Structure formats: structure tokens, C-alpha cells
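Convention: sequence-line order gives letters A, B, ...; per-chain numbering from 1. Please read these numbers as outputs of a predicted model, since none were measured by experiment.
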Amino acid sequence: MEPTANPMTAQESLDLITRMIRQAQHNVRQSSFYFLLWGWVVGLAHAGAYLLILLNYPRPYLVWLITIPAWLVTFYKSWRQDRTARIVSHFDHINWALWIGFGICIFTLIAFGYKINFQLNAVILLVCALPTSVTGVILRFKPLVWGGVCFWLCGIASFLLPASWQHLAGLVAIVSGYLVPGYMLRNRSNNV
Amino acid sequence: MFKDLDPLLHAQLRLAVMSLLMSLESAEFTFLKEKTNSTAGNLSVQLDKLAEAGYISLEKTFRGKKPLTTCRITPKGVAAFEQYVNDLKQYLNHNPL
């Protein structure tokens, strides 16, 4: 785009504005990495907790310690992404605030879980529903919106199921809410 | 009455940069160069003009050993862009295509 001798017409100005705004809109970060990381980690934790309950292991909750390295990887990766991102869109900022808010809620639930006898499964699934579906709306990616709906439905189911079955509901929610949309998002990013 | 279009914005490359920055919180020089398909020299001159007018802010840092210029639109720039679009609309209303 080099200077031209003729001034732009009004229509050319409008076309240019429209074209540039479209270019910028296509740059919302579409990172499937976090959905796949947390999908696998939480999925394995739910499956592990279910098996340990079946085996009558006295401390099945210890399986959740595998989320600690996932938190560290998440912090490191997002720090690296922020440092190397060529642009920051308004949607990136909203998405960041949404997931930071989600992280704070999860930390609070875990820290004060003892107050409700660690009956957290249903609550955590419901809390997961919101950022997942809103991210789907931001990215205009329906599988994530439906993923949020799955979290919500599995959250309701968890209120009604016994403790061991709640882990299976959590597994269904994480596969349909994070893993399936995560792989679809990765395929979409690869095909762009 | 049709108002004169802001001459600072009524130029292809400057308008392209402002349109991109309106949709973003910040953008690196290399991103703007790629999207506007401009040369580094020309883009640099036009960014300086927009910065002098207070329409954008330029932050010059380093990533490793490479210089890094990050551009952001300012509230004055947002107001000027909105005014430009309104003037353009007014012009089109008086001069239908």
C-alpha cells in the first residue's frame, strides 16, 4: 500500500475501513492448547478418582495432584504467549479476564471446599460451563458453546448422583466440553 | 453541510492503520506492515505523523536484541476516527453513489 497520486473517493475509504476491520477480526487467538491440556489432565483425574473409589483406596482425591503441573504449564505458556503475541485484540483481553476469573473461582472453591465437605464436583462443572460457552461465542465456535451446555447438564446430573458416579459425569463433561471442541478447534486452526 | 474530511486520516495507509488499530488493543509494527502491505520506511513515516497528531501512541522496546514497536490508538484517535466516519457518512448522504 503505497501513496497514490489520486485522493481516495468516499467509497474507497469505506471499502478500506471495512477490509482492515475484517483483517483484524480474524486475529482472535484460537488456542486449543489449554482445552486439550486441561481436557486430558482433568479427564484422567476423574477416571483415576473413579477407579480408586472402586478399589476402596482411602484417599482417591490425591489423584487431583496431577493438576499442579498443569497449572504451572498454563502459567508458563500464557506468559510466553503474552510476550510473543504480535497483536492483542479486545476479545483476547475479554477472554483473558474471563479465564482468570474462572481460575480465581476454582482456587477459592478448592481452598474453602472443606466448608462444604468437598462436595465440589457439581459446583465446579457449573462454574466451567460459563467461560467455556462464552469463549465459544467469542471465537464464533459452536462446539465450545455446546461444550458449555454439556458442563451445565453434567453439573445438574452431579447434584443427583452418588459420589463415585459424579466422577463419570465429570469425565463425560470434560470430554464433550474440552477435548472434543479442543481437537475440532485445533483442526480449524490448522486448516486456516 | 458537508464537513471536510480529516486530511490526516484521508490517506490510504494512515486510514488502514487507524482502521486496524480501532479493532485491536495493540499491534506490532510488523503486523501492521504485513496487513497493510506497505514498506517499512513508508509505514514508519505515516506512524510518526499519526503519533505527532496524538492519534496513536508508539511504544519502542526490545524483544531479545530486536527492536519492537507497539502501536495503540489513543482516545483522541478514536474520536478522530469516529468523526471521520461520520463525515464520510454525511458526504455519502449528500452525494449518493
Side-chain angles (χ1 to χ4, degrees), chain A residues 1-31 34 75-101 131 134-135 137-141 189-190 192, chain B residues 2 4-7 9-39 41-43 45-46 49 59 61-64 66 68-73 78 81-82 84-85 87-97:
Chain A
M1 193 177 288
E2 293 306 309
T4 52
N6 301 324
M8 283 189 296
T9 64
Q11 185 58 46
E12 282 170 345
S13 289
L14 273 184
D15 290 346
L16 180 64
I17 291 169
T18 312
R19 206 167 63 237
M20 288 299 131
I21 287 176
R22 274 205 196 116
Q23 291 249 21
Q25 277 176 344
H26 287 155
N27 281 284
V28 178
R29 257 177 256 165
Q30 297 183 9
S31 181
Y34 302 105
F75 287 134
Y76 177 73
K77 175 97 176 167
S78 58
W79 174 75
R80 287 272 304 170
Q81 269 190 338
D82 278 351
R83 270 174 57 90
T84 54
R86 293 170 71 210
I87 56 163
V88 178
S89 72
H90 302 298
F91 285 135
D92 286 330
H93 203 175
I94 293 168
N95 215 19
W96 176 85
L98 190 64
W99 286 98
I100 289 289
V134 173
T135 299
V137 172
I138 289 172
L139 297 179
R140 294 181 190 173
F141 189 62
S189 303
N190 290 342
V192 169
Chain B
F2 169 64
D4 283 337
L5 293 169
D6 183 343
L9 293 183
H10 197 60
Q12 214 178 5
L13 183 50
R14 290 195 293 267
L15 184 61
V17 167
M18 289 293 282
S19 305
L20 283 169
L21 292 178
M22 275 296 284
S23 317
L24 299 168
E25 285 206 358
S26 65
E28 284 183 14
F29 182 87
T30 51
F31 174 84
L32 295 175
K33 180 171 164 282
E34 185 187 299
K35 294 294 176 187
T36 57
N37 200 20
S38 57
T39 62
N42 190 21
L43 180 60
V45 170
Q46 305 310 328
K49 283 185 184 172
E59 187 189 358
T61 53
F62 284 89
R63 179 178 289 155
K66 286 186 182 172
L68 178 70
T69 303
T70 307
C71 312
R72 284 183 183 80
I73 197 162
V78 172
F81 186 86
E82 285 171 351
Y84 177 84
V85 172
D87 293 343
L88 208 58
K89 276 188 208 162
Q90 214 177 347
Y91 176 82
L92 286 169
N93 284 340
H94 285 84
N95 303 275
L97 297 170

> For the residue pair B/M22 and A/H90, what are the closest heavy atoms and their distance?
Replying inline: O-NE2, 3.5 Å

> Is it the side chain or the backbone of B/V85 that comes within 4.5 Å of chain A heavy atoms, both, or neither?
Replying inline: side chain

>> Given 3.5 Å as the limit, does a donor-acceptor pair link the side chain of A/R86 with the main chain of B/T30, or not?
In response: yes

>> Looking at every non-hydrogen atom in both residues, tell me the closest pair between B/L20 and A/M20 and how far apart they are.
In response: CD2-O, 3.3 Å

> Of the non-hydrogen atoms in A/I21 and B/S19, which two are nearest, and what is the gap between them?
Replying inline: CG1-O, 3.8 Å

> OH of B/Y91 to OG1 of A/T9: how many Å apart, nearest 0.5 Å?
Replying inline: 8.0 Å

> Which atom names give the shortest non-hydrogen contact between A/H93 and B/E25, and what distance separates them?
Replying inline: ND1-OE2, 2.6 Å

> Which heavy-atom pair separates B/R63 from A/R83 by the least distance, and what is that distance?
Replying inline: NH2-O, 2.8 Å

>> Would you compute the distance between atom OG of A/S13 and atom CG of B/L5 and round it to the nearest 0.5 angstrom?
In response: 6.5 Å

> What heavy-atom pair brings B/E28 and A/I87 nearest, and what distance separates the two atoms?
Replying inline: N-CG2, 4.5 Å

> Would you say B/L24 and A/V88 make side-chain contact, with heavy atoms under 4.5 Å?
Replying inline: no

> Can you tell me how far the CD1 atom of A/I17 sits from the OH atom of B/Y84, to the nearest 0.5 Å?
Replying inline: 5.5 Å

>> Is B/F29 close to chain A through its backbone or its side chain, or both, or neither, when contacts mean heavy atoms under 4.5 Å?
In response: neither

